Undergrad: 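Input: one structure, supplied below.
Hydrogens, waters and symmetry mates play no part in the numbers below; they use all other heavy atoms, side chains included. Computed from a predicted structure; not experimentally measured. Index from 1, following the sequence.
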Amino acid sequence: MYKPIFNIRRPVLVFHQFGNKGYSLFACLGREVVCSVLSVATLTYASAESVSTNPVVTDSTATTTAREMMLEEVAVTGSRAPLTKSQAARMVTVLDRADIAQAPVQSINDLLKYAVGVDVRQRGPIGAQTDISIRGGTQDQIILLLNGINICDPQTGHNAMDLPVDLNDIVRIEVLEGPAGRIYGTSSLVGAINIVTGRPLPTSPAGEEKLHLRMEGGSFGYASTAAHISLPPYREGWGGSLSASYSRSDGYSRSKAGSLNTDFSGAKGFYQGQYEDDDIRLHWHLGIADKGWGSSTFWASPKWQADDQYEHTTKLYSAIQGNTKRGRLRLNSSIYWNQNRDRYEGYRGQPEKMKYNYNRTDVYGVSLSSYFDWNAQNRTAFGAELRNEDLVSGNLGEPLLQTHHIKGTDRDYTLGVNRTNISGYLEHNLLLRNFTLSAGLVAVKNTWSNMNMTIYPGIDISYRPTPHWKLHASYNTSLRMPSFTEMYYKLQGYSADPHLNPEEIRALEFGINGQWSMVNVQCALWHHHGTNMIDWIMDTTQGDNAVWQSVNHTKLNSLGLEVGFNVQWSMVNVQCNYSFISQDKEQEAGFVSQYALEYLRHKLVANLRLPLTDRLSLNVNARWQDRVGSYTDFDGMVQDYRPYFLLDTRLTWQQPTWKIYLEATNLLDTHYHDYGLVEQPGRWLIAGLSISL
C-alpha cells in the first residue's frame, strides 16, 4: 500500500501528458519520457523515475482497484535538480491516490500510520492532535511541505498537521526518510513529508471530475462533509479549483466532572490556481484551517492533573510558485506567507482559573533555485532561500518593546521572538549508464543564535547491476533550530531553556531493491549520529517538585533496519513492511523522557486489497507497534508503554459516479496508550458516501 520508490532502469514509458514542473520538490527525472495513461497497478511498482509528484488524477468508472491516473509530470525527489539520465539514490515512500481512496482513514495523520518509517503518536482521533516523526526522531525534526512549500510552525510541531487540504484534494504524499539538509535546509533533520494536491489544468481532459462530494457519519457523534470543484478556465492557459470541508465529533471520553474532553470540530478551505504558456508556469494557493478540540489530559502531569484542557488553532497558508520552461538555465522561484494562531486553555472555559495562552506566528519566505547542464552526464543546481519567523505571544519569548493587541480579547501580546534563516546550496550530479553520483552542500546561518555560516554536506550513490536490482548508499548531514516552545515554555510544571543549541545529525544509509512484474522487495540499513538532541525530561526523584525541562542530550546514536515486500497478483495486492530501531542513549534511573528517548523499537504493518466482486472490494490494514519509554500516571507510578496490535478495515461498493463504504478502525477494540496519560479510542465505526460528477 505504501511503496518505497527506488530507481531501476526500464524501457522508455509512454504517457499522454508531460509537464516536469519545477515546483515539485520531490523532483528527480530518471530519463527522457514520452506521455500516456498509467494504471494504478503499474504505478504501484514503478521505479521512482516513472512516478509523479504532481499528477492530475481522474478516477475511472471501473472498480476501485482498477482506477487510472493521468500523469501530468514525472518527478520524485532525492536531489535539488531534476535528473534527465538517471535517478538519485534516495528512498521515497509514495502514498498514491488509490491508497488514499481505499484506506480506512479520515485524515492525513491516520494515513501516515501505515508508512513503516513514520511514527504517528496520536493524542486526539481523526487528526485532532498528532505528532509525526520519522526514524525515531521527534515531531519537530521533520520538514512538512505543501506542494513543495515549507509550512512548518516554528512555535511547535505539535500542531503542524492542521492542514487546509482535505483527503479529496490530495493526489499523493511522499515521505523522504533520512536527513535532507542539502535539499531542504533547516528543519529536515530526519526526513521530509511532501503533500501534493491535484493541479488544475488549463484545459480539462475528457472524463475529469468537475465536482466531488463526500459525506460521513459514525461513532461518538462523528460527522463530516466535503466538496471539491474544478473551476471553469478564466481564459486560455488558466485553471483553478476550490474545496471545503467540515468535521466534528463528541469525543470518546469525558472528564471527571462529566464534561466532554475529547470532542473536536473544524473547517477547511483551499483554493489553487495555475497559469501556463510556452515559456513559464505559475501556480498559487490560498488555504485556511480552523479547528478546536478538547485536549483531555494531553499536557497533564502528576503535579498538574488537568483532564479538561482545550485548544483552538487558525492557520492561513499562501504561496506563489513559478518556473521557466525554456533556455539553458532553468529558474524556479517561490514566495510564501503562513500565519498560525493558537489559543490554549489549561482549564476549559475558565480563564479566571488559568489565563489562556495566545500565540501568533508569521512566517515569510522567498527562494530562488536554478540548474543547468554541462553535457549529457553532468547537471549542476544552485540556489538560496530566505525565511523569517516571527512570534508574538502571551507566554513565549522575550519582552516586546511595543505590545500588540490580541484580537477578540482585552489582552496584549507582550512577548515575542524574531529570527531569520539564510541558506544557500550547491549540488552536482554525475549521470552514467548504470551509476549515479549526486553530491552537494547547504550553507546555513540563523540570526537568533548568532551562529556562523555552517556547511552541511551530503552525497548519494546508486548502482544498477541489472535491470531488476539496484544498490544505493548515502551520507547526509542536517540541523534543526529549537522551536519557540522548547526555548520558552514555562507554565504548569514545564521549564524551558532559551539557550538550547541547534540539533545536528550525520547519517549513513545502505539499501537494496529488487523489482519484477509481480514482486517488489526492499531492504535498508541506516545509522544516525545526533548531537545536541533536544528533549523534555523529568527527574521523578524530586517528587512534587519535579518539572519537565528542555535539555540538549550530548549524543544520541540510532541504528535502524527496514525490510518489506509487495506482491500484486491480478487485482489482489499484499504488502508487509517491518522496521526496527535501536538507540544507545539509555534513560537514567529516575528520569522520564517525553520525546527523544521514546521511539518505536518495532513496527510491523501489513495490507491486503481484495476484490470480492466486480463492485465490492475489501481493504484490511494491520499494525503492530512496540514503543520504548514510559510515562508517569496520576498516582505517581511509572508505567512502561505496552505493545499493541490494531486492525482497520474498509468495505467499498463502487459505482461509476458514486461509492458507499463502511469502515472500522481498531476493529478488535484494543485499549492502548500511544502518548502518556492519554488513552486512545476503542472501536470506531464510520459509514460514508462519495459522489463524483
Undergrad: Would you call the rings of W684 and Y252 parallel, tilted or perpendicular, where under 30° means parallel and over 60° means perpendicular?
TA: perpendicular
Undergrad: Mind running side chain to side chain contact (heavy atoms under 4.5 Å, CB included) on N607 and V574 for me, showing each step along the way?
TA: CA-CA 6 Å; N607 167 256; V574 179; over 6 Å; no
Undergrad: My understanding is that only residues two or more places apart in sequence, or in another chain, count here; which of them pass side chain to side chain contact (heavy atoms under 4.5 Å, CB included) with L415?
TA: P399
Undergrad: side-chain hydrogen bond (donor to acceptor under 3.5 Å, both in side chains) with T313: which of D290, D162, N159?
TA: D162
Undergrad: Please check if any side-chain donor atom of N621 sits under 3.5 Å from a side-chain acceptor atom of N619, or the reverse.
TA: yes
Undergrad: Go through the steps to decide whether E311 and Y356 satisfy the test side chain to side chain contact (heavy atoms under 4.5 Å, CB included), and finish with yes or no.
TA: CA-CA 10 Å; E311 192 159 4; Y356 297 164; over 6 Å; no
Undergrad: For a quick check under 3.5 Å, do Q680 and Q122 share a side-chain donor-acceptor pair by atom type?
TA: yes
Undergrad: If I take atom CD1 from residue I132 and atom CG from residue D140, how far apart are they, to the nearest 0.5 angstrom?
TA: 12.5 Å
Undergrad: For a quick check under 3.5 Å, do H671 and Y644 share a side-chain donor-acceptor pair by atom type?
TA: no
Undergrad: Side chains of Y599 and Q583 only: does a donor on one sit below 3.5 Å from an acceptor on the other?
TA: no
Undergrad: N261 and side-chain hydrogen bond (donor to acceptor under 3.5 Å, both in side chains): which partner among S295, S253, S255?
TA: S253
Undergrad: Return yes if a side-chain donor-acceptor contact under 3.5 Å exists between R341 and N359, otherwise no.
TA: no
Undergrad: For a quick check under 3.5 Å, do T130 and N109 share a side-chain donor-acceptor pair by atom type?
TA: yes
Undergrad: Go through the steps to decide whether R360 and D342 satisfy the test salt bridge (Lys or Arg N to Asp or Glu O under 4.0 Å), and finish with yes or no.
TA: CA-CA 6 Å; R360 188 191 76 201; D342 174 33; over 6 Å; no
Undergrad: Determine, using ring centers only, whether Y631 and H673 are less than 6.0 Å apart.
TA: yes
Undergrad: Just checking, R121 and Y641: is the charged tip under 6.0 Å from the six-membered ring centre and within 45° of the axis?
TA: yes
Undergrad: Evaluate the salt bridge (Lys or Arg N to Asp or Glu O under 4.0 Å) criterion for residues K603 and E562: first the C-alpha distance (whole Å), next the side-chain angles of each, then the deciding distance (0.1 Å), finally the verdict.
TA: CA-CA 10 Å; K603 181 177 181 180; E562 295 178 9; over 6 Å; no
Undergrad: Looking at L646, D119, V105, V120, which one forms a side chain to side chain contact (heavy atoms under 4.5 Å, CB included) with K113?
TA: V120
Undergrad: Does R248 have any salt bridge (Lys or Arg N to Asp or Glu O under 4.0 Å) partners at least two apart in sequence or in another chain, and if so, which?
TA: D250
Undergrad: So, do Y494 and W536 have ring centers that fall under 6.0 Å from each other?
TA: yes
Undergrad: Between the side chains of Q339 and Y317, does any donor sit under 3.5 Å from an acceptor?
TA: no
Undergrad: Just checking, is any N or O donor in the side chain of E398 or Y488 under 3.5 Å from an acceptor N or O on the other one?
TA: yes
Undergrad: Any ion pair linking R348 and D307 (charged N to carboxylate O, less than 4.0 Å)?
TA: no
Undergrad: Do the rings of H529 and H527 sit parallel, tilted or perpendicular, given the 30° and 60° boundaries?
TA: parallel
Undergrad: State, without any angle test, whether E503 and N501 hold a side-chain donor-acceptor pair at a distance under 3.5 Å.
TA: no
Undergrad: Here's one to test your reading of the geometry: is the NZ or CZ of R123 within 45 degrees of the ring axis of Y675 and under 6.0 Å from its centre?
TA: yes
